[in-house]
Undergrad: 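After the structure tokens below, expect a handful of questions from me.
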Amino acid sequence: MSQSQSQSQSRRAEPERQIIQIARLSYTALYELIRRRLLLRIDRLPQGQDPLTGVRSRTSYQLSAPDAFQLLDDTTARIGPVEITAAYSHLPSPAYQALTQASDAFRQYVGLPELLAAARTPGQTPAQVRRLIEAAVQQGRQSGQPGLYVPSQQFQSEWIPDEILVHQTETEFFLSLAFRTRFQRLSRARVTNRVGLDLGLDPLSVAAHENGALHTFRPTALAIPALNSLTPEARQLLNQLLYASGRQDAEQVLAYLTHHARHVYAEHLTHRGMSLRFVQRARVQAVHDFHFSWLSQSLNVAGIGFTRVDPAGTSTTCPQPDCRHRHADNRRGRAFLCRACGYQGDADAVGASNVLTRGIG
Ligand SMILES: [Zn+2]
């Protein structure tokens with residue numbers, strides 16, 4: 001076995017950690033758990049249990065009894081005597097699937113996969129979607145219902161309850177859940193492409209192949225009912241549908257990559273300041289969660305190389321090999337026009353091919 005093989009295998013054997021922000025209203029409950037020593041402070045994280053990047057933990061805790069954790073619904077879990085509110089349905093779908101299946105007490109609205117599919121069907125009106133949401137809320141949550149997501153045929157996760165951690169930063173609490181994910185390739189074709197990705201919101205992604213082929217992914221439009229027509233429960237369900245829809249769009253990018261790429265290059269991303277309206281927020285958050293963490297984690301699980309490249313100038317540099325003229329004026333919105341050689345194209349496609357060129361080096 002070569003060194004790189006053993007490294008990649010041991011890396012894949014490590015569970016991946018999913019970090020969820022705990023809602024502020026649950027902080028009193030957390031302090032209660034700490035006081036009762038149901039959450040035990042740990043001085044040093046066990047090796048390999050480093051929290052994900054982005055969460056600088058000041059103090060970390062583990063559960064004194066891992067079986068004390070039970071997921072009740074998409075936003076509520078019980079730890080011992082208290083309830084902890086967080087967006088559990090924002091877990092990557094294989095992880096969410098594993099967690100809900102391991103939680104006997106889990107309850108979900110009836111018919112959510114069908115409701116999501118209906119809301120994503122072109123031609124639906126906001127009034128029709130509102131009626132479907134209200135009907136689901138009226139029936140209430142019931143046990144034995146499938147979650148919101150279409151199970152992945154390729155990725156399957158197993159939840160590791162022994163490794164629940166709570167991280168406390170200066171101002172916030174985060175829950176860290178561990179999963180082991182397996183990948184099963186569906187197609188037997190030998191994949192040799194290297195692919196550059198331009199990541200965004202619309203398009204979600206443009207994939208540029210070495211042979212010049214391009215594939216553009218656009219988000220699915222939803223018919224969104226007016227918020228003031230909805231009860232708080234219905235509004236929360238709408239929020240989950242929006243998140244789930246954004247995720248489903250993002251996962252199509254992943255499915256495409258697992259079929260077509262042996263190595264993926266993408267830009268280094270930065271969290272840009274965003275002030276978004278409610279209806280945009282959940283979908284955008286799903287896409288962000290995907291771009292920032294789940295994309296690289298799942299490519300790693302699938303054994304597909306992933307490299308982030310410096311994004312500087314990727315959308316303003318001419319992609320023509322004999323030109324490469326870089327100027328901010330080359331890009332006007334979505335249109336690219338090279339001021340030096342006159343090359344014209346779609347700015348996102350130009351971005352994707354420049355990411356590929358930069359990645360291949
Ligand atoms: Zn040019």
Side-chain angles (χ1 to χ4, degrees), residues 92-94 120 150 152-155 183-221 245-270 272 283-284 286-321 324 330-331 333-336 338 343-361:
S93 28
R120 286 168 58 90
V150 184
S152 165
Q153 291 178 284
Q154 298 195 105
F155 290 94
F183 172 77
Q184 196 178 10
R185 188 174 289 285
L186 291 178
S187 64
R188 298 178 63 85
R190 196 176 141 72
V191 181
T192 55
N193 291 304
R194 292 187 286 186
V195 174
L197 280 188
D198 183 82
L199 299 172
L201 295 172
D202 189 6
L204 281 181
S205 188
V206 177
H209 291 245
E210 271 176 284
N211 65 5
L214 291 166
H215 197 95
T216 301
F217 297 86
R218 298 205 175 275
T220 305
S245 183
R247 149 155 320 153
Q248 204 164 312
D249 289 337
E251 285 185 344
Q252 280 167 14
V253 181
L254 178 61
Y256 177 86
L257 293 173
T258 57
H259 279 102
H260 293 100
R262 81 172 153 89
H263 200 109
V264 175
Y265 301 91
E267 295 171 321
H268 271 293
L269 296 171
T270 50
R272 299 190 192 101
R283 185 184 78 78
V284 169
V287 172
H288 262 238
D289 289 350
F290 178 81
H291 286 172
F292 275 94
S293 60
W294 185 232
L295 173 64
S296 57
Q297 282 180 352
S298 33
L299 289 176
N300 183 41
V301 167
I304 296 170
F306 182 74
T307 310
R308 294 238 190 240
V309 303
D310 178 6
T314 48
S315 65
T316 54
T317 302
C318 178
Q320 293 295 98
R324 311 295 302 163
N330 286 351
R331 181 174 186 165
R334 293 207 172 145
F336 186 94
C338 177
Y343 171 87
Q344 288 187 45
D346 171 77
D348 298 308
V350 166
S353 43
N354 281 334
V355 165
L356 178 64
T357 307
R358 191 166 290 182
I360 291 172

Undergrad: Quickly, which of Asn354, Thr357, Thr317 forms a side chain to side chain donor-acceptor pair (under 3.5 Å) with Arg324? Name it, please.
TA: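 When Asn354, Thr357, Thr317 are each tested with Arg324, the side chain to side chain donor-acceptor pair (under 3.5 Å) holds only for Asn354.
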Undergrad: Hey, could you give me the OG/CG distance between Ser298 and Leu254, rounded to the nearest 0.5 Å?
TA: 4.0 Å
Undergrad: Hey, what do you get for CD1 (Ile304) to CZ (Arg194), rounding to the nearest 0.5 Å?
TA: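 Separation between the atoms: 14.5 Å.
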Undergrad: What's the separation between atom CZ in Arg262 and atom CG in Asn193, rounded to the nearest 0.5 Å?
TA: 8.5 Å
Undergrad: Does some side-chain heavy atom of Pro219 sit less than 4.5 Å from a side-chain heavy atom of Arg283?
TA: yes
Undergrad: Please identify each residue that fulfils side-chain hydrogen bond (donor to acceptor under 3.5 Å, both in side chains) with Thr314, with sequence neighbours left out.
TA: Glu267
Undergrad: Tell me every residue that passes side-chain hydrogen bond (donor to acceptor under 3.5 Å, both in side chains) with His209, counting only those two or more places apart in sequence or in another chain.
TA: Tyr256
Undergrad: Between Val195 and His263, is a side chain to side chain contact (heavy atoms under 4.5 Å, CB included) present by the stated rule, with each step listed?
TA: CA-CA 6 Å; Val195 174; His263 200 109; over 6 Å; no
Undergrad: Search all heavy atoms of Phe336 against all heavy atoms of Thr316 and return the closest pair with its distance.
TA: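 Taking every non-hydrogen atom into account, CE1-C, 3.9 Å.
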Undergrad: Under the salt bridge (Lys or Arg N to Asp or Glu O under 4.0 Å) rule, collect the residues that match up with Asp310, sequence neighbours excluded.
TA: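 With neighbours one apart ignored, the set is empty.
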Undergrad: With side chains defined as the heavy atoms from C-beta onward, is the minimum distance between Phe183 and Pro94 less than 4.5 Å?
TA: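 Sidechains of Pro94 and Phe183: no contact.
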Undergrad: Given side chain to side chain contact (heavy atoms under 4.5 Å, CB included), test Phe155 with Val301 step by step and report yes or no.
TA: CA-CA 9 Å; Phe155 290 94; Val301 167; 4.1 Å; yes
Undergrad: What pairs with Asp348 under side chain to side chain contact (heavy atoms under 4.5 Å, CB included), at least two apart in sequence or on another chain?
TA: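 Side chain to side chain contact (heavy atoms under 4.5 Å, CB included) check on Asp348 returns Asp198, Pro203, Val206, Arg331, Arg334, Asp346.
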Undergrad: Minimum heavy-atom separation for Ser353 to Pro319, with atom names?
TA: OG-CB, 4.1 Å
Undergrad: Taking atom CG of Asn300 and atom CZ of Phe306, what is their separation to the nearest 0.5 Å?
TA: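 Reported value, rounded in 0.5 Å steps: 10.5 Å.
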Undergrad: Taking all non-hydrogen atoms of both residues, which atom of Val355 and which atom of Tyr265 are closest, and how far apart?
TA: CG1-O, 3.4 Å
Undergrad: With heavy-atom distances below 4.5 Å as the criterion, would you say the side chains of Leu204 and Val287 are in contact?
TA: yes
Undergrad: Calculate, to the nearest 0.5 Å, the distance between atoms OG and CG belonging to Ser315 and Asn330 respectively.
TA: 9.5 Å
Undergrad: CZ/Arg308 to CG/Leu295 distance, rounded to the nearest 0.5 angstrom?
TA: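 One finds 6.5 Å between CZ of Arg308 and CG of Leu295.
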Undergrad: Any side chain to side chain donor-acceptor pair (under 3.5 Å) involving residues 245-255? Give me the pairs, sequence neighbours left out, ordered by first then second residue.
TA: Ser93-Glu251, Arg120-Ser245, Arg120-Asp249, Tyr149-Arg247, Thr220-Asp249, Tyr243-Arg247
Undergrad: According to side chain to side chain contact (heavy atoms under 4.5 Å, CB included), who are the partners of Ala250, at least two apart in sequence or on a separate chain?
TA: Phe290
